[in-house]
Chemist: 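If you scroll down you'll find the structure; I have some questions about it.
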Amino acid sequence: MKTESSTYGLIDMEKTLLYSEKEIQKKVKKIAKEITKDYKDSKPLLIGVLKGSIIFLSDLIREIKTPIEIDFVDIKSYKGTESTKPELRLNTTHKIENREIILIDDILDTGKTMQLLKKEFKKRGAKKTKICTLLDKPSRRQVNIKPDYKGFEIPNVFVIGYGLDYNGKYRELPNIYKIKEK
Ligand code: IMP
Ligand code: MG
């Protein structure tokens, strides 16, 4: 495992490689294959949770071999490494009624974001809403929610890269790293 240090503001961070680009792509292909098989006869609406999901979503849809549509929601839920109450800030443009929805996110943590979105789409008449997440941190769960599609299960560590940020930074990194304050 490679380790390097960087100074972010006044906090000294240590970042350790968790998953390489290659490992991530392999997992993305596996999830895309499952979605392709499960949605052969319907056109699901994949809804990316901004902003963390954008890289995962764009890689994923290019590996799905059945017609899909995409949309986005924006949720505010993290300040630094502290989870707060999620709020819906931007809504979809597609009609949700009778649609098969797949919510796409970078990571499932406390589960509060996905719980909020599942409730919201049920209210709006979705036929079914599934959850697809690249990373899953089940030890942090505060509500009873499980992903229908997932890439990697990880312990209680804070991760950055491949769309995941720390205070808006590091989303552009192609690999996923875990970070901790030094
Ligand atoms: P939840 O509502 O607690 O499940 O929060 C999920 C959201 O929190 C994700 O969409 C991420 O934006 C953010 N999040 C949770 N854990 C991490 C992490 O380790 N790194 C970066 N963002 C995270
Ligand atoms: Mg997020």
Side-chain angles (χ1 to χ4, degrees), residues 1 3-6 8-9 11-21 23-24 27-28 31 45-61 70-92 101-123 129-182:
M1 285 240 204
T3 304
E4 67 187 72
S5 297
S6 65
Y8 178 72
I11 310 161
D12 227 5
M13 289 293 187
E14 189 173 88
K15 84 184 205 297
T16 310
L17 182 67
L18 194 58
Y19 299 113
S20 68
E21 231 177 319
E23 289 172 288
I24 298 167
K27 217 42 128 174
V28 169
I31 299 171
L45 179 62
L46 274 63
I47 301 179
V49 182
L50 292 171
K51 310 179 177 85
S53 69
I54 57 151
I55 297 175
F56 176 40
L57 179 77
S58 36
D59 281 348
L60 185 68
I61 59 175
I70 62 165
D71 212 326
F72 294 95
V73 286
D74 190 11
I75 297 279
K76 175 92 182 145
S77 63
Y78 248 89
K79 269 201 164 128
T81 56
E82 287 301 308
S83 174
T84 56
K85 193 169 177 279
E87 256 174 74
L88 187 64
R89 285 200 304 202
L90 173 89
N91 229 317
T92 53
I101 307 291
I102 311 177
L103 294 168
I104 312 288
D105 210 353
D106 47 4
I107 188 163
L108 189 61
D109 188 33
T110 65
K112 289 191 220 162
T113 304
M114 283 301 172
Q115 186 187 50
L116 174 103
L117 291 173
K118 269 197 129 173
K119 269 192 198 152
E120 171 76 17
F121 291 118
K122 192 171 182 185
K123 215 164 57 191
T129 305
K130 286 198 191 177
I131 294 172
C132 172
T133 182
L134 180 65
L135 303 173
D136 186 19
K137 256 197 250 184
S139 62
R140 291 255 310 158
R141 207 74 91 246
Q142 289 180 22
V143 296
N144 184 20
I145 229 158
K146 273 192 191 143
D148 299 280
Y149 305 98
K150 79 168 165 197
F152 306 96
E153 197 169 297
I154 62 166
N156 185 12
V157 290
F158 198 83
V159 288
I160 53 156
Y162 197 72
L164 292 136
D165 73 306
Y166 175 73
N167 281 344
K169 292 216 168 199
Y170 308 118
R171 293 192 198 276
E172 69 281 13
L173 302 177
N175 305 313
I176 294 175
Y177 300 86
K178 59 179 176 185
I179 55 167
K180 65 170 200 271
E181 286 176 22
K182 279 213 282 187

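Remember, it's 1-based here, ligands and their atoms both numbered in the order they're listed. The figures here come from the full heavy-atom set of this structure, side chains too, leaving out hydrogens, waters and symmetry mates. Not measured: the values here are computed from a predicted model.
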Chemist: Do I55 and Y162 have side-chain heavy atoms sitting under 4.5 Å apart?
Modeler: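 The answer is yes; the side chains approach within 4.5 Å.
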Chemist: Are D136 and R141 side-chain neighbours, meaning at least one heavy-atom pair lies under 4.5 Å?
Modeler: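 D136 vs R141: side chains touch.
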Chemist: Using side-chain heavy atoms (C-beta onward) and a distance below 4.5 Å, is I75 in contact with L88?
Modeler: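 Counting from C-beta outward, I75 and L88 do come under 4.5 Å.
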Chemist: Under 4.0 Å from ligand 1, counting heavy atoms only, is it the side chain of K137, its backbone, both or neither?
Modeler: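 The side chain, only.
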Chemist: Using a heavy-atom cut-off of under 4.0 Å, does the side chain or the backbone of L164 touch ligand 1, or both, or neither?
Modeler: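 Side chain only.
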Chemist: Please compare L50, I145, T110 and report which has the shortest non-hydrogen distance to atom 1 (P) of ligand 1.
Modeler: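 When every heavy atom of L50, I145, T110 is considered, T110 comes closest to atom 1 (P) of ligand 1.
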Chemist: So do the side chains of L173 and K15 get within less than 4.5 Å of each other, counting heavy atoms only?
Modeler: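 SC-SC contact between L173 and K15 confirmed.
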Chemist: Please list, in number order, the atoms of ligand 1 under 4.0 Å from a heavy atom of D109.
Modeler: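 This gives 1 (P), 3 (O), 4 (O), 5 (O), 15 (C), 16 (N) as the contact atoms.
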Chemist: Of all the atoms in ligand 1, which lie at a distance below 4.0 Å from a heavy atom belonging to K112?
Modeler: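 That gives atoms 2 (O), 4 (O) of ligand 1.
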Chemist: Would you mind running through ligand 1 and noting each atom that sits below 4.0 Å from a heavy atom of T113?
Modeler: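 Listed by number with element: 1 (P), 2 (O), 5 (O), 6 (C).
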Chemist: If we set the cut-off at 4.0 Å for heavy atoms, which region of D105 has an atom near ligand 1: side chain, backbone, both, or neither?
Modeler: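 It is the side chain that gets close, since no backbone atom is under 4.0 Å.
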Chemist: Is it true that I107 lies under 4.0 Å from ligand 1, counting heavy atoms only?
Modeler: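 Yes, that is the case, since the closest heavy atom of the residue is under 4.0 Å from the ligand.
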Chemist: Between the candidates Y177, F158, Y170, Y166, which shows the shortest non-hydrogen contact distance to atom 18 (C) of ligand 1?
Modeler: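 Minimum heavy-atom distance to atom 18 (C) of ligand 1 goes to F158.
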Chemist: Taking side chain as C-beta onward, heavy atoms only, is Y177 less than 4.5 Å from L18?
Modeler: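 A side-chain contact under 4.5 Å is absent here.
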Chemist: Is the shortest side-chain heavy-atom distance between E23 and I176 below 4.5 Å?
Modeler: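 No. Closest side-chain heavy atoms not under 4.5 Å.
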Chemist: When you compare the side chain of I101 with that of L117, does any pair of heavy atoms fall below 4.5 Å?
Modeler: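 No - every pair of side-chain heavy atoms lies 4.5 Å or more apart.
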Chemist: Give yes or no for whether the N/O distance cutoff of 3.5 Å, strictly under, is met between L108 and ligand 1.
Modeler: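 No.
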Chemist: Measuring from non-hydrogen atoms of G52 to any atom of ligand 1, is the shortest distance under 4.0 Å?
Modeler: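 Distance cut 4.0 Å: G52 fails for ligand 1.
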Chemist: Using heavy atoms and a threshold below 4.0 Å, how should the contact between I160 and ligand 1 be classified: side chain, backbone, both, or neither?
Modeler: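 None of I160 does.
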Chemist: Would you call I160 and K169 a side-chain contact if the rule is heavy atoms closer than 4.5 Å?
Modeler: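 Contact flag for I160/K169 side chains = no.
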